[in-house]
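Notes follow the structure.
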Amino acid sequence: MSEQRRRILTGDRPTGRLHLGHWVGSIQNRVRLQDEFECFFIIADLHTLTTRPEKEWLEQVPGVIRDMVLDYLALGIDPDRSTLFIQSAVPGTAELNLIFEMLVTLPRLERLPSIKEMAEAAHLDVLPFGLVGYPVLQAADILLPRADAVPVGKDNVPHVEITREIARRFNYLYGPVFNEPEVIISEVPTLPGTDGQNKMSKSLNNAIFLSDPPEAVRKGVMSMYTDPNRVRADIPGTVEGNPVFTYHDVFNPDRAEVDDLKTRYREGRVGDVEVKKKLLAAIEAFLTPIRERRAEFARTPGVVDDVLASGNQVMREVARDTLELVRNAMGMNYFR
Ligand code: TRP
C-alpha cells in the first residue's frame with residue numbers, strides 16, 4: 001500500500017532575486033524537505049498587494065517571478081517532485097479566504113506586531129482592510145492544500161498560529177476538515193548583511209544575490225564590515241559576531257583553513273584582505289554551479305512558464321477537492 005506523504009506549504013512574496021540570506025534561512029531547508037514531504041511552494045503575489053496595489057508594481061511582478069523561479073530551480077527546488085505555483089492563479093484561495101474571514105476577530109489581527117511593521121515599512125498610517133487580513137490570506141494559502149506543516153522564519157510564526165486557530169474554529173463549527181498545521185522553524189542563525197548591522201535584505205543594500213556576477217560578489221565581500229576596532233592587521237581582532245567569520249562558518253567547507261584564520265585573526269597575524277579573499281573563493285565555489293544551472297534554465301525557452309503552468313494546474317485540482325470538502329462540511333453545497 002502506498003503511504004500518503006505528509007504535506008508542506010511554504011513560500012515567498014515575489015519581492016526580488018534571492019540572496020545568500022534566503023538560501024541560509026529557508027531555501028536550503030526546503031530543498032531537503034522535498035525528500036520527506038509532498039511540498040507545495042507558493043509565490044504569494046496577492047500578498048504584495050496589501051502594501052503595493054499600484055499598477056507600477058504589478059507591471060514588475062512577472063519579471064520578479066521569473067527571476068525567483070530561476071533561482072529556485074538553480075538551487076534545487078525540483079518541479080518533478082514539488083508543486084511550485086502562483087497564488088493569484090488559484091481562485092480557490094480567494095474563496096477560502098472569504099470563509100476564513102468570518103472565523104477570526106478584528107482585535108486578534110490588530111494585535112499582531114507584524115501587520116503594524118509592514119504598514120510602517122510601507123509608510124502607511126492607516127491600514128488597508130486587506131493588510132489587516134494578511135494572516136487570514138496566509139491561512140487560506142496553508143489550508144488550501146490541507147498542509148500538515150509549514151516551514152517559516154520566526155517572524156511568520158504568529159501567522160501560523162492564526163492559521164491553527166482558524167482551522168480549529170472551522171472544525172468546531174462544521175466538523176473535521178483541516179489539520180492544525182505545525183510550524184517547522186529553521187534553527188539556523190540569521191545571516192547578517194555585508195554591513196554587519198542588519199539581516200541581509202535587498203532594501204538595505206547589504207545583499208549578495210545568488211545570481212550576482214563574480215564582480216558584484218567580489219565587491220560585496222571585499223567591502224564587508226569586519227571588526228571596527230582593528231585598524232591595522234597586527235591588532236588582535238574579534239571573531240565572535242564578526243560577519244566575515246559568520247560567512248566563513250556557513251560557506252567555507254575547509255574547516256582547517258577557517259580555524260587557522262580565526263586563530264591568526266585573534267592574535268593579530270592576518271589582515272582583513274586575506275580573510276576576505278579566502279571567503280570570496282569559498283562563496284565563488286558555492287555560487288559557480290548555481291550560476292551555471294541558472295543560466296542553463298534561463299537559456300531553455302519556456303522552462304519557467306511550463307513549471308508554473310503545471311504547478312498552477314496541480315494546485316487548482318487540490319483546491320477544488322478542499323473546497324468541496326469545505327462546502328460539504330458547511331452544508332453550503334445547495335442549488336449547485
Ligand atoms: N508571509 C510570507 C512572507 O513573509 C509569505 C507567505 C504567504 C507564506 N503565504 C504563505 C509563507 C504561506 C508560508 C506559508 O513573505
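Order of listing sets the numbers, starting from 1, for every ligand and every atom in it. These numbers come from the heavy atoms of this one structure, side chains and all, not from hydrogens, waters or symmetry mates.
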Test salt bridge (charged side-chain N to carboxylate O under 4.0 Å, His left out) applied to Glu180 and Arg168, Arg169, Arg146, the passing residue: Arg168
Mode of Val152 contact toward ligand 1 - side chain, backbone, both, neither (heavy atoms, under 4.0 Å): side chain
Whether Arg7 side chain and Ala149 backbone form a donor-acceptor pair below 3.5 Å: no
Arg255 side chain to Asn252 backbone, donor-acceptor under 3.5 Å: yes
Per-residue contact class, Asn156 against ligand 1 - non-hydrogen pairs under 4.0 Å: side chain
Chi angles and distances behind the side-chain hydrogen bond (donor to acceptor under 3.5 Å, both in side chains) call for Asn242, Asp227: CA-CA 6 Å; Asn242 186 333; Asp227 179 344; 5.3 Å; no
Neighbour count above 12 (heavy atom, 6.0 Å) for Glu324 CD: no
Sole residue of Leu287, Leu75, Asn29 in side chain to side chain contact (heavy atoms under 4.5 Å, CB included) with Trp23: Leu75
Numbering as shown, the atoms of ligand 1 that approach Ala44 to under 4.0 Å (heavy-atom distance): 7 (C)
Distance-only donor-acceptor check, side chains Gln87 and Thr93, under 3.5 Å: no
Shortest protein contact, atom 8 (C) of ligand 1 (heavy atom only): Gln138 NE2, 3.6 Å
Ligand 1-proximal atoms of His159, by part, heavy-atom distance under 4.0 Å: neither
Ligand-residue contact atoms, ligand 1 with His47, heavy atoms, under 4.0 Å: 7 (C), 9 (N)
Thr10: numbered ligand 1 atoms lying under 4.0 Å from its heavy atoms: 13 (C), 14 (C)
Atom NZ of Lys116 with >12 non-hydrogen neighbours under 6.0 angstrom: yes
Within-cut-off N or O pair, Asp141 and ligand 1, under 3.5 Å: yes
Shortest protein heavy-atom distance from atom 1 (N) of ligand 1, along with the residue and atom involved: Tyr134 OH, 2.8 Å
Polar atom proximity, Asp12 to ligand 1 (N or O, under 3.5 Å): no
Closest to atom 12 (C) of ligand 1 among Leu9, Val183, Val160 (heavy-atom distance): Leu9
Nearest non-hydrogen protein atom, atom 15 (O) of ligand 1: Arg13 NE, 3.0 Å
